[in-house]
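Taking it in order: structure first as structure tokens, then the write-up.
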Amino acid sequence: MPVVDPEAIKKVMLRRNYLFKHQVANQVGISYDRLAQILVGNETEVEEEIVARLCNGLDCERWEIVIEA
């Protein structure tokens with residue numbers, strides 16, 4: 001499973017003027033709780049579908065938010 005960078009996601013959120021987690025959760029179609037877990041770093045290993053939703057909803061590229069091993 002891909003590993004996402006919570007800080008990189010936060011930077012993309014700011015760049016896209018998403019100031020609140022609930023905005024992003026609604027935009028990408030994942031639960032607020034799941035997004036919060038990702039952003040605080042408790043669940044950085046996520047399913048490919050979550051990465052795709054984040055990239056699509058935040059209008060960013062995969063390499064901007066995924067840590068390549």
Atom CD in Glu68, atom CH2 in Trp63: separation rounded to 0.5 Å? 11.5 Å

Working for side-chain contact (heavy atoms from CB on, under 4.5 Å), residues Val51 and Val4: CA-CA 8 Å; Val51 173; Val4 292; 4.0 Å; yes

Please determine whether side-chain contact (heavy atoms from CB on, under 4.5 Å) holds for the pair Asp5 and Ile65, giving the CA-CA distance in whole Å, both sets of side-chain angles, and the decisive distance to 0.1 Å. CA-CA 5 Å; Asp5 181 350; Ile65 63 169; 5.9 Å; no

Looking at Glu48 and Arg62, is there a salt bridge between them, counting it only when a charged N and a carboxylate O are closer than 4.0 Å?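 Yes, Arg62 and Glu48 are salt-bridged.
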
Is any NZ, NE, NH1 or NH2 atom of the basic residue among Lys11 and Glu7 found under 4.0 Å from an Asp or Glu carboxylate oxygen of the other?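 No salt bridge links Lys11 with Glu7.
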
Looking at every heavy atom in both [X] and [Y], which two are closest together, and how far apart are they?
X     : Y     : result
Glu64 : Val12 : OE1-CG2, 4.4 Å
Leu54 : Cys60 : O-SG, 4.3 Å
Val46 : Met1  : O-CB, 3.4 Å
Gly57 : Val28 : CA-CG1, 3.7 Å
Asp59 : Arg16 : O-NH2, 2.6 Å
Pro6  : Gly41 : CG-CA, 3.9 Å

When you look at Ile30 and Ile50, which way does the side-chain contact (heavy atoms from CB on, under 4.5 Å) test go after all the steps? CA-CA 8 Å; Ile30 62 175; Ile50 300 291; 3.5 Å; yes

From CA spacing to verdict: side-chain contact (heavy atoms from CB on, under 4.5 Å), Met13, Leu19: CA-CA 7 Å; Met13 286 172 58; Leu19 304 178; over 6 Å; no

Does the side chain of Val24 come within less than 4.5 Å of Ile9's, by heavy atoms? no

Is it possible for you to say whether Phe20 and Leu14 belong to one hydrophobic cluster, with membership spreading through side-chain heavy-atom contacts below 4.5 Å?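 Same cluster: Phe20 reaches Leu14 through Ile, Leu, Val, Met, Phe, Trp or Tyr contacts under 4.5 Å.
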
Begin with the C-alpha distance, continue with both residues' side-chain angles, and end with the deciding distance and a verdict on salt bridge (Lys or Arg N to Asp or Glu O under 4.0 Å) for Arg34 and Glu47. CA-CA 12 Å; Arg34 180 64 193 252; Glu47 297 83 9; 3.1 Å; yes

With Lys21 as reference, evaluate Asp33, Asn26, Leu35 under the side-chain contact (heavy atoms from CB on, under 4.5 Å) test and give the passing residue.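 With Lys21 as partner, side-chain contact (heavy atoms from CB on, under 4.5 Å) holds for just one option, Leu35.
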
